[in-house]
Amino acid sequence: MERRGLDACGYFEREGSLGLVQDEFRSVVASAREQIGEAYGSRLHSAYLYGSVPRGTARPGRSDLDLLLVLHHTPSDDDRDTAEVLARGLDEDFPEVDGVGILLQGKAAVLSEAERFDLGWFLACLCTPLLGADLAEHLPRYRPDGLLARETNGDLADVLPRWRRQVQEASGPGQYRKLSRLFARHLVRTGFTLVMPRWGGWTSDLAESAEVFGTYYPERAAQMRAAAAVALDPVEDPAVLRTYVEDLGPWLADEYTARHGTKTPR
């Protein structure tokens, strides 16, 4: 299997670019850029795209639009309300996307030592600049090592209780579908970063991530492939969610802790 995502020196190559955005998504990206600038004004330090849209692999009507906004200050409740309104409006106005997600962070948090190998790595390696000065210039280069594995996804055990509550409180196909996409993506990415240091490369492709994972854990390979399929085409079956929170998730959390340890408390 081809190993991708690293330069000749073994450092992450930044994935995605505005030039890779497909024609079908250029209008929503342009509108997002304009509306973000209008909504946040001088409060905004910089904005970024991430996910399938800047990688050029998005599927019209089925992929979501993911945005990271970095403010000069710690985001307030008003800032979060603004993001919710903005995301809802973009989702309603552009049928090309199936959902819009906006992450809000403060500049100090992104550049903090505590987030150096989590949020900092995410911005520097997986986010495409859309507006403002690129904070990646103030961050180091990264390798696919155990420290990165621990700090990116070494908190699955802490996440699972919240997932269980969400499953219990969910009602209706729409909520099940939303949760199945969220949980499946997280599990596949955690499965990949579990084996990332041994594989010695990087991919954001969920299907490839599942295949890489399966070469190291063949007994769980079918489950991870199925989760990758759900991440791309979410389902409305609550039994799938229960499998994630009662079987695959707990096993993966235990294996992750045994191999990489737990994420540094924030």
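Residue numbers run from 1 in the order of the sequence given.
Here the side chains of Pro234 and Tyr176 are not in contact, with every heavy-atom distance at 4.5 Å or above. Considering only heavy atoms from C-beta on, Gln223 comes within 4.5 Å of Asp247 through its side chain. At a threshold of 4.5 Å between non-hydrogen side-chain atoms, the residues Arg116 and Leu139 count as touching. In this structure the side chain of Thr57 never reaches within 4.5 angstrom of the side chain of Asp205, judged on heavy atoms. Side chains of Pro197 and His260 form a contact here, defined as non-hydrogen atoms less than 4.5 Å apart. The side-chain heavy atoms of Leu44 and Leu71, taken from C-beta on, include a pair separated by under 4.5 Å. Within the 4.5 Å cutoff, the side chain of Tyr48 has heavy atoms near those of the Val70 side chain. Using a 4.5 Å heavy-atom cutoff, the side chains of Leu130 and Val29 are in contact.
Taking both residues in full, the closest heavy atoms of Val21 and Arg26 are given as O-NH2, 2.9 Å, listed atom of the first, atom of the second, then distance. The two residues Val97 and Asp91 have their closest heavy-atom pair at O-OD1, 3.5 Å. Closest non-hydrogen pair, Ala136 versus Leu123, comes out as N-CD2, 3.5 Å. The nearest pair of heavy atoms linking Ala253 to Leu160 is CB-CD1, 4.2 Å. Shown here for Ala184 and Ala231, the closest heavy-atom pair between the two residues is CB-N, 3.7 Å. Ala149 and Thr193 make their closest contact through CB-O, 3.5 Å (heavy atoms, listed as atom of the first residue, atom of the second, distance).
The six-membered or imidazole ring of Tyr244 lies away from that of Trp163, with a centre-to-centre distance of 6.0 Å or more. The ring of Trp199 has its center no closer than 6.0 angstrom to the ring center of Phe213.
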* To do: Determine, stepwise, if the pair Phe117 / Leu147 fulfils side-chain contact (heavy atoms from CB on, under 4.5 Å).
  => CA-CA 8 Å; Phe117 291 91; Leu147 173 60; 3.6 Å; yes

* Take Phe183 and Val240 through the test side-chain contact (heavy atoms from CB on, under 4.5 Å) and record every step on the way to the result. => CA-CA 10 Å; Phe183 294 179; Val240 172; over 6 Å; no

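In this structure, Met224 is a member of the same hydrophobic cluster as Trp251, with clusters built from ILVMFWY side-chain heavy atoms closer than 4.5 Å. Transitive grouping of hydrophobic side chains (ILVMFWY, heavy atoms separated by less than 4.5 Å) brings Phe12 and Leu194 into a common cluster. One hydrophobic cluster holds both Tyr217 and Met196 under the rule that ILVMFWY side chains link at heavy-atom gaps under 4.5 Å.
With Val100 as reference, Leu65 is the one residue of Asp64, Asp66, Leu65 to meet the side-chain contact (heavy atoms from CB on, under 4.5 Å) rule.
In this structure, Arg150 contributes its side chain and Asp145 its backbone to no donor-acceptor pair below 3.5 Å. No donor-acceptor distance shorter than 3.5 angstrom exists from the side chain of Asp98 to the backbone of Gly61, with no hydrogens or angles considered.
A salt bridge is defined here as a Lys NZ or Arg NE, NH1 or NH2 lying under 4.0 Å from an Asp or Glu carboxylate O, and Asp158 with Lys263 fails to meet this definition. Salt-bridge check for Asp77 with Arg80: passed, with a basic side-chain N closer than 4.0 Å to an acidic carboxylate O. In summary, Arg220 and Glu255 do not engage in a salt bridge, as defined by a charged side-chain N under 4.0 Å from a carboxylate O. In summary, Arg43 and Asp78 do not engage in a salt bridge, as defined by a charged side-chain N under 4.0 Å from a carboxylate O. Classification of Arg59 and Asp233 as a salt-bridged pair holds, one side-chain N sitting under 4.0 Å from a carboxylate O. In this structure, Glu151 pairs ionically with Arg266, as a charged nitrogen and a carboxylate oxygen lie closer than 4.0 Å.
Taking CG from Leu49 and CG from Leu126, the interatomic distance works out to 13.0 Å, rounded to the nearest 0.5 Å. Rounding to the nearest 0.5 Å places OG of Ser209 at 12.5 Å from CG of Leu187. Atom CG of Leu131 sits about 10.0 Å away from atom CG of Leu67, to the nearest 0.5 Å. To the nearest 0.5 Å, the span separating CD on Gln105 from CG on Asp79 amounts to 12.0 Å. Considering OG1 of Thr243 and CG of Leu248, their distance stands at 9.0 Å, rounded to 0.5 Å. We find the CZ-CZ distance between Arg141 and Arg14 to be 12.5 Å, quoted to the nearest 0.5 Å.
Aromatic ring pairs are classed by plane angle as parallel below 30°, tilted from 30° to 60° and perpendicular above 60°; the pair Trp202 and Phe192 is perpendicular.
Tyr11 carries Arg143 over the face of its six-membered ring, with the cationic atom under 6.0 Å from the centre and within 45° of the normal.
Using modelled atom types, one finds no donor on one side chain facing an acceptor on the other under 3.5 Å when comparing Thr257 with Asp254.
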